[in-house]
There are 2 protein chains.
Amino acid sequence: MKDVATAAGVALKTVSRVVNGEPGVHPATAERVRAAIDRLGYSRNESARVLRSGRTATIGLVIEDVADPFYSGLSRAVEGVVIGHGCLLLSGSSGEEPGRERELVETFCARRVDGLIMVPAGDDHTYLWAELETGTPVVFADRPPGSGIDVDTVLTDNAGGAALAVRHLLGHGHHRIAFLGDDPEIYTAAERLRGYRAALGGLFDERLVWMGPPSPDPVRAALDGMFTLESPPTALFTGNGRYTVTTLRALAGRRVALVGFDDFELADLLDPAVSTVAQDPSWMGRVAAELLFRRLRGDTGRPEHIELPVRLIPRGSGELPPPPR
Amino acid sequence: MKDVATAAGVALKTVSRVVNGEPGVHPATAERVRAAIDRLGYSRNESARVLRSGRTATIGLVIEDVADPFYSGLSRAVEGVVIGHGCLLLSGSSGEEPGRERELVETFCARRVDGLIMVPAGDDHTYLWAELETGTPVVFADRPPGSGIDVDTVLTDNAGGAALAVRHLLGHGHHRIAFLGDDPEIYTAAERLRGYRAALGGLFDERLVWMGPPSPDPVRAALDGMFTLESPPTALFTGNGRYTVTTLRALAGRRVALVGFDDFELADLLDPAVSTVAQDPSWMGRVAAELLFRRLRGDTGRPEHIELPVRLIPRGSGELPPPPR
DNA sequence: TTGAAAGCGCTAACAT
DNA sequence: ATGTTAGCGCTTTCAA
């Protein structure tokens, strides 16, 4: 900046004004400065600007895994809003590990992000206290913060979506509906189980519930176990997109009624086409990011707790009737 | 840092030493400092560190779209390597717009990233000259840089993969093999067309080639046109994952032999299961990132041009015989 | 083993 | 409309 000033025959501050588009610079002077900038290939050092001004124009995003379509969709939406506000996005994947989540958050905070959006992996977020006190806004997405923290949160109506799926299957004559989902330690899985159970009421049978990681072998074993019960399931409700796919593979062509939580590409091309309870990851990302920027603009209202609705997309698999007895 | 120093009764420099794990601090002193750090909830201001030291420990990644599984897989792999080197990843999507690509690169450079990995959207990268001269290493992935720039590059064997697909279909008795792919302005699309054409030799017929954006209506129209030819195609080769899916939808159940470039989840569950030419996005990401860190470690050898092999995964659709005449 | 001082490149506050 | 000065929080350099 000093060199540009010398080259343009002005003071350093004038260059700063031009670079920042501040008013009160004579057009001709500004032009001279811009010419010097181009000639010297100058570009402002953001670290220095941040150090002085305290504003980084950076938002941190912690998700579970960029390679998961749900989170990459969410990322893309967050990125869009962030860019639209002239900011840059730092992002990282926790891989469902609380320690990694915390490391990422601490790294982002050390870089003085203006705000943070996170899909938590752990359930203890008291380590955020210090940062929250300095005024950095934090928005939780997809899963709520652990106890002791109350900030803006954007969730999906998980229980409602699960109930929707179960009622849909009940409506098509099923009484034995199994649930396969993630470990209930994961918030969304627990909520979906809750909705499933509530909608089933007296029909609930714990032998038709299996929760664990969505790996092929355990899922196949679980299904085999259920199908050899005296009164086997006639319909399945799968707790997320990965589960749906793993389950479909394990079924190996057997035609069983199925509704899956999470929509996925190609659901319409399978045979039967797969009925799903669809969340909208872009919507969640957009809402979370907008909530964050509202805080950055100075909104100090009470924390918002938004629950996004889901919709059931009937495509065939969820409308299969129970087999005749 | 000053406050921590005061609290611990040492000089500021000693705190700096402890924070950076520099040697030459008495264990007891270090312990006092660490206690003060915890008590005060201190975390180092990275901007100040960067300003002074010049090293940001940050890598920039420009891709086409995080929400595309190919690029999200690549991102995840890059992130892994970057984190493993104690750095942070800045990433952004160009959305296939050269202007946006350049903006992202400039933003990253203004933030003084230590290095850059990019999937270019445009074909003029002379704007990188200034940055390259300052010693910032740049690695191109998936597509090569425009002329005038020679840096490390990691590509897929696009032409070879296309030829593999075509030879596979020829081997199953097809003579009329259509190609549907992106606009040849996109490097990978042009290369795949080249491989397709080379493998077909005299059988090449430009009426069986359609290139454009992978939108449902145009693709359906193109297919309809080809299938009403006097001598219609008996097999299709689709130029990327999105194309494969769009084409499958447009086929609406018609059984036509098909091999798609890019593997995708669920390819095995469709009927017929889809044969693909599989690239490995994670591998590409890892190789690109490792190339970058090699440069950051000071390797000044000539630019590397790596071409990753692909493999054909036969699943059924590529092995369908031509219909009897 | 520890500390003091200089200064990275910029912007805020205050002149002129 | 333009310039001057101080200082953001840290690392580097040099000294004790």
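Note on naming: letters A, B, ... go to the chains in the order of the sequence lines (proteins, then strands), and numbering restarts at 1 for each one.
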Nearest to the [X] side chain among [options], which nucleotide is it?
| X | options | answer |
| --- | --- | --- |
| B:K13 | D:dT12, D:dC10, D:dG3 | D:dT12 |
| B:A11 | C:dC10, C:dA4, D:dG3 | C:dA4 |
| A:L51 | C:dG9, C:dC10, D:dC10 | C:dG9 |

### Message
Do the side chains of A:R76 and B:D65 get close enough for a salt bridge, i.e. N-O under 4.0 angstrom?
### Response
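Yes, this pair counts.
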### Message
If the threshold is 4.0 Å, N to carboxylate O, is there a salt bridge linking B:R242 and B:E64?
### Response
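Salt bridge: yes.
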Rounded distance (Å) that lies between atom [atom2] of [N] and atom [atom1] of [X]:
| X | N | atom1 | atom2 | value |
| --- | --- | --- | --- | --- |
| B:Y42 | D:dG9 | OH | P | 10 Å |
| A:L12 | D:dG7 | CG | P | 17 Å |
| A:L40 | C:dG9 | CG | C1' | 15 Å |
| A:E46 | D:dC10 | CD | P | 19 Å |

#### Entry: B:L89 and its side-chain contact (heavy atoms from CB on, under 4.5 Å) partner, picked from B:T58, B:V113, B:I59
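Checked B:T58, B:V113, B:I59 against B:L89; only one passes side-chain contact (heavy atoms from CB on, under 4.5 Å): B:I59.
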Contact class for [X] vs. all strands (heavy atom < 4.0 Å): base, sugar-phosphate, or nothing?
| X | result |
| --- | --- |
| B:T29 | sugar-phosphate |
| B:V10 | sugar-phosphate |
| B:R17 | base |

### Message
So, applying salt bridge (charged side-chain N to carboxylate O under 4.0 Å, His left out) with A:R100, which one of A:E96, A:E97, A:E103 is it?
### Response
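Of A:E96, A:E97, A:E103, salt bridge (charged side-chain N to carboxylate O under 4.0 Å, His left out) with A:R100 is met by A:E103 alone.
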### Query
Nearest nucleotide by nearest heavy atom, which residue falls closer to the 5' end of DNA chain D, A:R52 or B:S53?
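Counting from the 5' end, the first nearest nucleotide belongs to A:R52.
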### Query
So what is the 5' to 3' dot-bracket string for DNA chain D, if pairs are Watson-Crick or G-U wobble with both distances under 3.5 Å, crossing pairs use [ ] and | means the partner sits on another strand?
||||||||||||||||
